[in-house]
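Here's the structure we're looking at; comments come further down.
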Amino acid sequence: MADTQLMDKLVSLCKRRGFVFQSSEIYGGLGSVWDYGPLGVELKKNVKDRWWRAMVHARDDIEGLDAAILMHARVWEASGHVAGFTDPLVDCRHCKNRFRADDPRIKGTPGQPDAQCPVCGSRGTLTEPRLFNLMFKTFMGPVEEQAAVVYLRPETAQGIYVNYLNVLQSSRQRIPFGIAQIGKAFRNEITPGNFIFRTREFEQMEMQFFVQPGTDAEWFERWREWRMQWHRDLGLTPARLQWHQHGPDELAHYARAAFDIQYQFPFGWQEIEGIHNRGDFDLGRHQEYSGKKLEYFDQAANQRYLPYIVETSAGADRVTLTLLVDAYREEEVEGETRVVLGFHPAVAPIKAGVFPLVKKDGMPELATELYHDLKRRFPVFYDDSGAIGRRYRRMDEAGTPFGITVDGETLQARTVTVRHRDSMQQERVGLDRVADFVAERL
Ligand code: GAP
């Protein structure tokens, strides 16, 4: 299957099955903003829950935080985003379209007579590149003036830095320790696209680990290893994960070292998470701009210092897309195409489908009872419409790992048929064992 075809099929499956919808679709849609439907919200929630469990609940040295999206405007001056979070853009004076200056479709040099607009084809109409800030700006309070400007945060990290002392003091942590947060971020991306890969509103799962200067390189390596393992544990194909080290000209203004975890998407190897050694850039800048001391006093060593920060920054939407791409497959079964999302059971939105084989002989009653019993432990789906084969196929497309059918034998032997999504093999399991059978495989 051609790669572009795969993305088209995935987008269409996501809509058909209720994973992801275009935002404001009935009004013609809003560019690169997406809504998660009933299955998508479960899938993404599973990603976020696994991240939170691994980063916060399973560790003694990381605390959670949920900072507000709106922050003091000075935060973004200190962070460098007001001055430096920009893309160079060119406008076409003829058709009014706007492009990134490095858009490969542009022929010639923007600003020069030979440059050609990739949309209308006019020559000499492209302006010189101008810097365009990617932050969304709005106003706080009733007056729309410069003093009232606030930004929608372009990353969640700054909410952590400005709360670092609050968390340190209230949690009684000592360095080394981390603060983790999941939340929305907004970027007025100029070339968004590839479905939910690059959007203007997205969710980040970020963790900032505060360490003693001099120990940062060691922590950086540990965090690289742990984060890669987390992605592998999602059940992603290992050969489709790789490291990309940032060269000197790629490094963000705050980073001393940076590695991306990349996934091989149909549109190429792309970043899903960044691990950054930020040194003391962030706390140093906030200390300077706020005038508040942000140093840490290490009692044991009787030493005062500004901690260095190792950051792990993943996109919840990108990881969700990675799971969808990795899971999608088509198979020929008895002359028909079977579409399957082969999610690891732990991330699958629905864990099991429950079906009465026919709508008579007490099967719907028994299946309903089983459904309610299972529903107390995990998301399950009840379906009694259409042929059993069709019901299995619908669950295959939703990525549901188990199909549980109440049939004639159930009434006599108190066993059900469990059909496995990937192998399509069936086995009989005792009615009173079904819940544990599923739970053991999550
Ligand atoms: N605090 C550091 C930071 O924000 P980043 O590399 O700009 O670093 C981190 O972003 C992660 O956030 C990326 O690896 C990606 O998963 C996600 N991300 C960034 N921009 C995004 C966008 N426009 N749409 C979806 N996810 C995005």
Side-chain angles (χ1 to χ4, degrees), residues 20 23 30-34 36 44 47-48 51 65 67 69 71 75-76 78-81 84-87 100 133-136 151-162 164 178-209 220 223-224 227-228 230-231 234 236 241-246 250-263 265 267 269-279 281-283 285-286 309-325:
V20 181
S23 162
L30 183 66
S32 288
V33 185
W34 299 89
Y36 286 80
K44 188 167 153 190
V47 168
K48 292 186 285 183
W51 187 87
L65 179 76
I69 289 171
M71 302 181 73
V75 167
W76 305 108
S79 70
H81 283 84
F85 195 51
T86 50
D87 268 351
R100 274 175 66 123
N133 197 292
L134 301 185
M135 281 196 293
F136 281 99
Y151 300 96
L152 300 189
R153 67 182 176 198
E155 61 171 10
T156 63
Q158 301 301 325
I160 295 183
Y161 306 140
V162 300
Y164 132 83
I179 305 177
Q181 160 159 251
I182 298 177
K184 290 265 184 175
F186 303 82
R187 296 182 189 180
N188 199 0
E189 300 278 6
I190 305 311
T191 46
N194 288 322
F195 195 28
I196 53 171
F197 177 80
R198 181 171 287 113
T199 54
R200 296 192 165 107
E201 173 177 341
F202 55 98
E203 255 181 309
Q204 288 188 313
M205 308 183 289
E206 295 202 301
M207 192 281 305
Q208 314 295 323
F209 205 74
F220 185 65
W223 276 111
R224 272 194 341 115
R227 292 308 305 148
M228 181 60 104
W230 184 84
H231 288 279
L234 289 174
L236 297 174
L241 288 166
Q242 73 173 19
W243 285 109
H244 166 73
Q245 180 174 15
H246 284 214
E250 271 177 285
L251 282 178
H253 58 278
Y254 52 75
R256 302 160 75 93
F259 277 82
D260 292 341
I261 295 177
Q262 291 187 331
Y263 178 81
F265 287 99
F267 43 89
W269 286 97
Q270 296 286 345
E271 169 188 351
I272 51 175
E273 170 156 359
I275 324 289
H276 312 127
N277 182 345
R278 301 181 69 126
F281 176 84
D282 306 282
L283 293 185
R285 293 277 288 201
H286 285 302
I309 290 169
V310 175
E311 169 185 65
T312 73
S313 175
D317 310 84
R318 276 199 197 169
V319 175
T320 304
L321 179 62
T322 309
L323 288 173
L324 284 163
V325 167

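Note: hydrogens, waters and symmetry copies are ignored here, and every other heavy atom, side chains too, is used. For ligands, and for the atoms within them, numbers begin at 1 and follow the listed sequence.
Of all the atoms in ligand 1, the ones that sit under 4.0 Å from a non-hydrogen atom of Glu206 are 1 (N), 2 (C), 3 (C), 4 (O). Heavy-atom contacts of Tyr254 reach the following atoms of ligand 1: 2 (C), 8 (O) (cutoff under 4.0 Å). Which parts of ligand 1 touch Phe197 is read off a 4.0 Å heavy-atom cut-off, strictly below it: atoms 24 (N), 25 (C), 26 (N). Atoms of ligand 1 found under 4.0 Å from any heavy atom of Glu273 (numbered from 1 in listed order, with element): 14 (O). Counting the atoms of ligand 1 from 1 in the order shown, those under 4.0 Å from a heavy atom of Ile272 are 14 (O), 16 (O).
Ligand 1 lies out of reach of Asp317, whose nearest heavy atom is not under 4.0 Å from it.
In this structure, the side chains of Thr320 and Tyr36 come closer than 4.5 Å at one or more pairs of heavy atoms.
The closest donor-acceptor contact from the side chain of Arg200 to the backbone of Glu189 lies under 3.5 Å. Between the side chain of Arg318 and the backbone N or O of Phe197 there is at least one donor-acceptor pair closer than 3.5 Å. Remark: the backbone N or O of Thr156 is paired with a side-chain donor or acceptor of Gln181 at under 3.5 angstrom.
Among all protein heavy atoms, the one lying closest to atom 18 (N) of ligand 1 is Phe202 CE1, 3.6 Å. Closest protein heavy atom to atom 9 (C) of ligand 1: Ser313 OG, 2.9 Å. For atom 14 (O) of ligand 1, the closest non-hydrogen atom on the protein side is Glu271 OE2, 2.6 Å. Scanning the protein for heavy atoms near atom 12 (O) of ligand 1, the closest one is Gln204 NE2, 3.2 Å. Looking at atom 15 (C) of ligand 1, its nearest protein heavy atom turns out to be Arg318 NH1, 3.4 Å. Protein heavy atom in closest approach to atom 24 (N) of ligand 1: Thr199 N, 3.0 Å.
Under 4.0 Å from ligand 1, heavy atoms of Arg198 appear from its side chain as well as its backbone. At a 4.0 Å heavy-atom cut-off, ligand 1 does not touch Phe85 at all. Contacts of Val319 with ligand 1, taken as heavy-atom pairs under 4.0 Å, are absent altogether. Only the side chain of Arg278 comes within 4.0 Å of ligand 1, counting heavy atoms alone; its backbone N, CA, C and O stay farther away.
Here His276 and Tyr254 bring their ring centres to under 6.0 angstrom of each other.
A side-chain contact (heavy atoms from CB on, under 4.5 Å) with Leu321 holds for exactly one of Ile196, Asn194, Val20, Ile272; it is Ile196.
To the nearest 0.5 angstrom, Leu65 atom CG is 13.0 Å from Met207 atom CE. If you take CH2 on Trp230 and CE on Met205, they are separated by 4.0 Å, rounding to the nearest 0.5 Å.
In this pair, Tyr263 and Phe265 present their aromatic rings perpendicular. The plane angle is above 60°, beyond the 30 to 60° band.
With hydrogens and angles left out, the side-chain atoms of Gln158 and His81 include no donor and acceptor closer than 3.5 Å.
Distances between N or O atoms of Gly315 and those of ligand 1 include at least one value under 3.5 Å.
Of the candidates Glu311, His276, Arg187, Arg187 brings a heavy atom nearest to atom 4 (O) of ligand 1.
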Next on the checklist: Pair Phe195, Trp34 - check ring-ring contact (aromatic ring centres under 6.0 Å, His included), show working.
Outcome noted: CA-CA 8 Å; Phe195 195 28; Trp34 299 89; 4.8 Å; yes
